[in-house]
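Below is one structure, written out as structure tokens, with a few remarks after it.
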Amino acid sequence: SIICVSVLVSRKSQLSLAMMRDDVAAQIMVDKCLVCHEVGRILLERKSRKGWEDCVVDMRVLARQKFHKDWFSGEEFRLIVDLLARTQGS
């Protein structure tokens, strides 16, 4: 199913959101990342692959502290970083 999110984002970000709709990694991102973040915050960011890896590592640490468990697996980490690098790369 497609999750509808209403935010004002740039045209490029709207295109990125459309590209993500049917992606398995996008569903993981919705389930894991949008628990704490608004979609616009993520879609307006542009980072290199290394930048996204560092960011997701930081979020993994914060989530572990907040939820007292591993928030996502190594495979989910890879899928999230791949998605962000593909759709939100600099």
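Keep in mind the model is a prediction, meaning the values are calculated, not measured.
Atom CG of L84 and atom CD of E53 lie 11.0 Å apart (nearest 0.5 Å). From R41, atom CZ reaches atom SG of C33 across 11.0 Å, with rounding to the nearest 0.5 Å.
Applying the salt bridge (charged side-chain N to carboxylate O under 4.0 Å, His left out) rule to E76 yields no partners; only residues at least two apart in sequence or on another chain are considered. Evaluation of the salt bridge (charged side-chain N to carboxylate O under 4.0 Å, His left out) rule for K50 yields D54 as partners, not counting sequence neighbours. For R78, the side chain to side chain contact (heavy atoms under 4.5 Å, CB included) criterion is met by E75, D82, not counting sequence neighbours.
Between L83 and M29, the shortest heavy-atom distance links the atoms CD2-SD, 3.9 Å. G89 approaches R46 most closely through the heavy-atom pair O-CD, 3.6 Å. Residues E38 and L34 come closest through the heavy atom pair C-CD2, 4.1 Å. Nearest heavy-atom pair, I42 versus Q88, reported as atom, atom and distance to 0.1 Å: O-NE2, 3.8 Å. Between S90 and S48, the shortest heavy-atom distance links the atoms OG-N, 3.1 Å.
A single hydrophobic cluster is seen to contain both V35 and V81, as judged by linkage of ILVMFWY side chains at heavy-atom distances under 4.5 Å, directly or through other members.
The list of ring pair (Phe, Tyr, Trp, His ring centres under 6.0 Å) pairs with a residue in residues 71-90, not counting sequence neighbours, reads F67-W71. Each side-chain hydrogen bond (donor to acceptor under 3.5 Å, both in side chains) pair with one or both residues in residues 57-68, not counting sequence neighbours, appears once here: R64-D70.
Hydrophobic side-chain contacts under 4.5 Å tie M59 into a cluster, directly or through other members, with L62.
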